[in-house]
Amino acid sequence: MKTAAIFRAYDVRGKTPRELDGKTAYQIGRAFAVFLKEKTKRRGLKVVVSRDARKSSPLLLGMLAKGITDEGADVVDLGLTSTPLHCFAVNFLKSDGGAMVTASHNPAEYNGFKLHLRGGAPIGMGTGLERVKSIFEKEKFSAEALRLGNGKIRTANLLKKYVDFVLEAEKPAAGAKLKAVIDAGNGAMIPELKAAEKRIGVKAVKLFFNPDGRFSGRGPNPLKKGALAPARRVVLETKADLAAVFDADGDRVVFLDEKGEEVPAAIAASLMADYFLRENKGGKIWRGLTVGRILEETVLARGGRPLTGKVGRTNAKKDMTKRGALFGAEASGHYYFKKFFYSDSALMAFLCVIKILAEKKKPFSELARPFRKYFQSGEINVKIANRKSEIAEGRRIFKNLERRFGGRCRISKLDGLSADCGDFWFNVRKSNTEPMLRLNFEAKEAELGARELAKLKKNFNADFLHYNDRERNHRRERL
């Protein structure tokens, strides 16, 4: 039995084949099916499975499906899909659950599983993944399952139905004459982007449109340093109106304006919030707490109700569903929509931005400029220097931060540690997908921000790894 360390806060993830191989996938399939039987209190289950473009994904999908069917559940195999298409299928087919083979934005040597309940609710620690882990570790499988007969596997292709659903939910702007650089990153979005290309109202300039599990065009994470460079270059060369850069499993998107400048998620989300609140007066807009403050201010200025929650897909869908939010965003480029089962859809976010640009008839940079109000660090990844005492060192850092800032700043522990110090504010939290801390910092003024951020960094005995090409230093302007 492989180590259960592959079970993370939101999903299952590890290096292949050292941490995650065919046998492990089979055992996880059986454990997941047992969990679903416990959850639903019935047999005769239907489980949707699909995979991303990684080299190891076909093998892992096959073994996962075998494990599920050996527990007596039927499987619907969608083949290559994005994570949003997978979640659509779980809802459309009214399945009892779903398992997507993907390691999201991790490097090519990783793989994993995103597990979902009926309705597409992600399963994480605290919402069932701890039980799946326990069944996996103890091999508490159904003794009678193999004697009673295996479940069946059938294939299905819901690509057209997904694209039709998204285009119906967020109709493209009529007569739009925009040019968009679309960077698919050799990933799972390629089939749906090809299917939607002629219907979304743009002239597409395509980058990395061949599925390639090695991600030879660029890395799978669009926020990694240098990942935006190819799209930036092509935007300038082709004089495009924007670029959309997707991650490996297609649930995140990063936007560039016509100047090749990144439009941070807080600003893109502010434009989308304005768009949604025009038709839904007083609506609720959700943000992960690391999203820039400009989103909250925009929602208030437009008469909406801002909501703040813990970072992560599992938290976002649960929180938005419970509180009835129209739309939500995370700093990492996840955009959530009530009309999409409170789940994230990068394709729907892309359609929203295209529609806003077409309706406003202004350059992307001009629309974004009023929202570039604060000095922003971007997400800074903090790698603990002493790996042998990583947990202890992380605790020391949090205690030190609370001791230093607790007297003069408002402290929150909703997710990690947040400090609001008036002229600047920040959040430090433990990554749930990588062995790092995440630091996000904002300030009212650039000079103050640079000075306070430098002071803040002295609290860490750590290496700082920037995912962004640069620290963002946006000119402050009134909303």
Side-chain angles (χ1 to χ4, degrees), residues 1-2 4 6-7 10-14 16-17 20-52 54 56-81 83 85-103 111-124 127-158 188 249:
M1 176 65 66
K2 297 284 185 181
I6 55 176
F7 285 81
Y10 304 142
D11 54 22
V12 179
R13 207 172 294 191
T16 58
L20 189 57
D21 60 10
K23 181 181 178 182
T24 311
Y26 172 80
Q27 302 280 53
I28 288 173
R30 293 200 70 177
F32 182 46
V34 171
F35 166 76
L36 290 178
K37 283 189 281 188
E38 291 179 350
K39 188 80 174 175
T40 61
K41 307 296 184 187
R42 67 184 184 85
R43 300 182 185 277
L45 302 178
K46 179 170 64 179
V47 181
V48 168
V49 300
S50 62
R51 63 173 178 83
D52 68 11
R54 294 168 192 269
S56 58
S57 291
L59 169 65
L60 296 180
L61 179 64
M63 295 303 293
L64 174 80
K66 179 170 172 50
I68 294 170
T69 56
D70 278 356
E71 282 293 329
D74 291 334
V75 163
V76 181
D77 181 357
L78 305 177
L80 176 65
T81 73
T83 295
L85 199 165
H86 175 92
C87 290
F88 166 78
V90 171
N91 283 277
F92 181 80
L93 296 174
K94 295 182 171 57
S95 70
D96 298 289
M100 169 83 180
V101 181
T102 181
N111 216 323
F113 305 98
K114 289 183 177 179
L115 305 179
H116 300 90
L117 292 169
R118 189 177 184 88
I123 300 173
T127 56
L129 191 58
E130 70 283 359
R131 178 57 183 156
V132 177
K133 177 183 176 183
S134 175
I135 297 167
F136 169 83
E137 288 177 321
K138 297 174 182 177
E139 298 188 44
K140 287 189 174 181
F141 307 137
S142 304
E144 77 282 5
L146 293 176
R147 295 197 305 273
L148 295 175
N150 296 345
K152 294 179 174 59
I153 299 177
R154 68 178 178 91
T155 60
N157 187 338
L158 296 183
D249 68 321

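For the residue pair Asn111 / Ser56, a side-chain donor-acceptor distance below 3.5 Å is found, with atom types taken as modelled. A side-chain donor-acceptor contact under 3.5 Å links His86 and Ser50. A donor-acceptor contact closer than 3.5 angstrom links the side chains of Asp52 and Ser57.
For Lys23 (side chain) and Met63 (main-chain N/O), no donor-acceptor pair under 3.5 Å exists by modelled atom type. The closest donor-acceptor contact from the side chain of Lys39 to the backbone of Val34 lies at 3.5 Å or more, if one exists at all.
Residues Leu45 and Lys37 form a side-chain contact, since some pair of their non-hydrogen atoms from C-beta on lies under 4.5 Å apart. Here the side chains of Val47 and Asp74 are not in contact, with every heavy-atom distance at 4.5 Å or above. The side-chain heavy atoms of Phe32 and Glu71, taken from C-beta on, include no pair separated by under 4.5 Å.
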Evaluate the criterion side chain to side chain donor-acceptor pair (under 3.5 Å) for residue pair Thr155 and Asp77; output intermediate values, then yes/no.
CA-CA 5 Å; Thr155 60; Asp77 181 357; over 6 Å; no
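Interatomic distance, CD1 of Ile135 versus CZ of Arg30, reported as 11.5 Å (0.5 Å rounding). In this structure, Leu60 CG and Thr24 OG1 are separated by 8.5 Å, a value rounded to the nearest 0.5 Å. To the nearest 0.5 Å, atoms CG (Asn157) and OG1 (Thr81) are separated by 10.0 Å. For the atom pair Asp11 CG and Leu129 CG, the distance stands at 7.5 Å (nearest 0.5 Å). With rounding to the nearest 0.5 angstrom, the CZ atom of Arg42 is 10.0 Å from the CG atom of Leu36. Taking CE from Met100 and CZ from Arg51, the interatomic distance works out to 9.0 Å, rounded to the nearest 0.5 Å.
Residues forming a ring pair (Phe, Tyr, Trp, His ring centres under 6.0 Å) with Phe88 (at least two apart in sequence, or on another chain): Phe92, Tyr162, Phe165.
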Could you go through residues 115-124 and list every donor-acceptor pair under 3.5 Å that involves a side-chain atom there, pairing it with any protein atom two or more places apart or in another chain?
residue : atom : partner : partner atom : Å
His116  : NE2  : Arg313  : NH2          : 3.4
Arg118  : NH1  : Lys94   : O            : 2.9
Arg118  : NH1  : Ser95   : O            : 3.4

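Ring to ring, Phe136 and Phe7 are close: their centroids are under 6.0 angstrom apart.
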